[in-house]
Every structure is written in C-alpha cells, then in structure tokens.
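Below is one structure, written out as structure tokens; comments come after it.
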Amino acid sequence: MADHPDFQALPWTQRLLASPNLTLIPENNTEDMTPTAMFNTTLYRPGAISAHISFSRPSTAPDALPGGADEQCMLLSLGHALDGKPGRAHGGFNSLVLDQLCGKAAHYSAPNAIPPATATLTVDYRAPVGTPCVVLARAWVVEVSGRKIWVRGVIEDGEGVVLASGRALFIAGREGVL
C-alpha cells in the first residue's frame, strides 16, 4: 500500500513512510487485531478508505508512558463515502478510528494477551475532516494501572493540524472471561 498513488502523490506521506523509525504492520495481522471485520468488510473499499497503512514508531508525545510501547499509527486515504455532510467525514468515523487505534495501543501495553475493551472514549472535534483527503491517526499509552490502560490519540492532516483528539480508558480482559 505504501506505493498507492494517494500516498505517492503527497510529499508529507513520502517523508513519513521513508522514516527509519517506522515499523510497517502487515495487513491481516491477527496477532495485533489489525484490521477488524468492521474495517475489512465495510470501510476498506473504493470511495471510503481507498488506501491504508498501519505502522508503529517511537512516540514523541510528551505524555507518552516512559519506556512504554511504540505509538500505533494509521495512514488513511478517505473518500466521500465517509461523509456525514458533503465534503466532510462523519464525526462518528473519527470516533471509530480513534477507538480502533487507541485499542490497538492499549493491546500492546495490556498485562495479558486478551484484547482490552473500551470503558470510555471522549472525542474532541477540532476541525472538519474534509473529503477526499489523506490523514494520519496516532495513539499512545499514557498510563497503566493493573488492568486499566489510559490512551490518547489524534487524527491529523499533513501539516500536523489536529482534526480530532481522543482520550480513552481500556480494561484488559481477564483470563477465561469474554
């Protein structure tokens, strides 16, 4: 996907993907929950998310957990099928992306291999996500206490302008409990 025309056409995505600190996460990597059926069957299609790349890298966020797992990232090429209003992605889509990515970040910091569940997610909508466009979504762990994992995430444009941000609490699963 790194050679997808939507990503090759933008200098900022080329610079981002050329970073030596970036670790690409292969598609259909069931070990880390990437991607879920919601993304595979509903969103990854022409007109919606026409191209996507998942990767991790060291977090530079000032509130990232020291010595914690890398931040989890998704580069997404968005189309008009995600619009809530013409030319603007639906706000619920922003929440979905932040929940997915924050959950992935929480998974890597969980005390066991059971995927954590979302307990709370607060999203601040700062600017519209105009479609079509390419955005970068990032999430990083800020605190872990027992089974509780606090995560922050953002969706930003190519200039680093935050379009939406989220704060989430995830609860790691218990052995033998769904």
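Heavy-atom basis, side chains included; hydrogens, waters and symmetry copies ignored.
- In terms of hydrophobic clustering, with Ile, Leu, Val, Met, Phe, Trp and Tyr side chains grouped at heavy-atom distances under 4.5 Å, Val141 and Leu101 are assigned to different clusters.
- Ser95 has its side chain within reach of Tyr125: a pair of non-hydrogen atoms, C-beta onward, lies under 4.5 Å apart.
- Cluster membership check: Leu98 shares its hydrophobic cluster with Leu96, using side-chain heavy-atom separations under 4.5 Å among Ile, Leu, Val, Met, Phe, Trp and Tyr.
- The side-chain heavy atoms of Thr13 and Gln8, taken from C-beta on, include no pair separated by under 4.5 Å.
- At distances below 3.5 Å, not a single donor-acceptor pair connects side-chain atoms of Asp83 with backbone N or O atoms of Pro86.
- Closest approach of His4 to Ser50, counting heavy atoms only: NE2-O, 3.7 Å.
- Between Leu82 and Leu43 the shortest side-chain heavy-atom distance falls below 4.5 Å.
- Every residue two or more places apart in sequence or in another chain that forms a side-chain hydrogen bond (donor to acceptor under 3.5 Å, both in side chains) with Thr118 is listed here: Asp99.
- Using a 4.5 Å cut-off on side-chain heavy atoms (C-beta onward), His107 and Pro116 make contact.
- No path of Ile, Leu, Val, Met, Phe, Trp and Tyr side chains, each step under 4.5 Å between heavy atoms, connects Ile149 with Tyr108, placing them in separate hydrophobic clusters.
- For the atom pair Leu78 CG and Asn94 CG, the distance stands at 9.0 Å (nearest 0.5 Å).
- If you take OG on Ser77 and CD1 on Ile49, they are separated by 9.0 Å, rounding to the nearest 0.5 Å.
- Both Val161 and Val97 belong to a single network of hydrophobic side chains, linked directly or stepwise wherever heavy atoms of I, L, V, M, F, W or Y lie under 4.5 Å apart.
- Between the side chain of Arg147 and the backbone N or O of Ile171 there is no donor-acceptor pair closer than 3.5 Å.
- Rounding to the nearest 0.5 Å places CZ of Phe55 at 9.0 Å from CD1 of Ile25.
- Between Gly173 and Asn112, the shortest heavy-atom contact is O-ND2, 2.8 Å.
- Side chains of Leu136 and Trp12 form a contact here, defined as non-hydrogen atoms less than 4.5 Å apart.
- Distance check, rounded to the nearest 0.5 Å: CZ of Arg126 to CG of Leu163 gives 10.0 Å.
- Applying the side-chain hydrogen bond (donor to acceptor under 3.5 Å, both in side chains) criterion to Arg88, with sequence neighbours excluded, gives no partner residue.
- Scanning both residues, Val144 and Leu65, for their nearest heavy atoms gives CG2-CD2, 4.0 Å.
- Under the salt bridge (charged side-chain N to carboxylate O under 4.0 Å, His left out) criterion, Asp63 pairs with Arg152, sequence neighbours left out.
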Given Asp70 and Thr23, is the side chain to side chain donor-acceptor pair (under 3.5 Å) satisfied, shown in steps? CA-CA 10 Å; Asp70 286 350; Thr23 303; 5.2 Å; no

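- A distance of 8.5 Å separates CD of Glu156 from SG of Cys73, quoted to the nearest 0.5 Å.
- Here the closest non-hydrogen pair linking Ala168 and Leu121 is CB-CD1, 3.8 Å.
- Under the 30°/60° scheme for interplanar angles, the aromatic rings of Tyr44 and His52 are found to lie parallel.
- Residues Arg138 and Gln72 form no side-chain contact, since every pair of their non-hydrogen atoms from C-beta on lies 4.5 Å or further apart.
- Considering every non-hydrogen atom in both Trp150 and Ser145, the closest pair reads CZ3-CB, 3.8 Å.
- Between the side chain of Thr131 and the backbone N or O of Cys133, no donor-acceptor pair lies under 3.5 Å.
- Using a 4.5 Å cut-off on side-chain heavy atoms (C-beta onward), Pro128 and Lys85 make no contact.
- Smallest separation of non-hydrogen atoms from Ala81 and Arg45: CB-NH2, 3.9 Å.
- The shortest distance between side-chain heavy atoms of Val134 and Phe7 falls below 4.5 Å.
- Following chains of ILVMFWY side-chain contacts shorter than 4.5 Å, one cannot reach Leu22 starting from Trp140, and the two form parts of different hydrophobic clusters.
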How far apart are the C-alpha atoms of Leu24 and Ile53, what are their side-chain angles, what is the distance that settles it, and do they pass the side-chain contact (heavy atoms from CB on, under 4.5 Å) test? CA-CA 8 Å; Leu24 291 176; Ile53 299 173; 3.5 Å; yes

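- Rounding to the nearest 0.5 Å places CZ of Arg167 at 9.0 Å from OG1 of Thr120.
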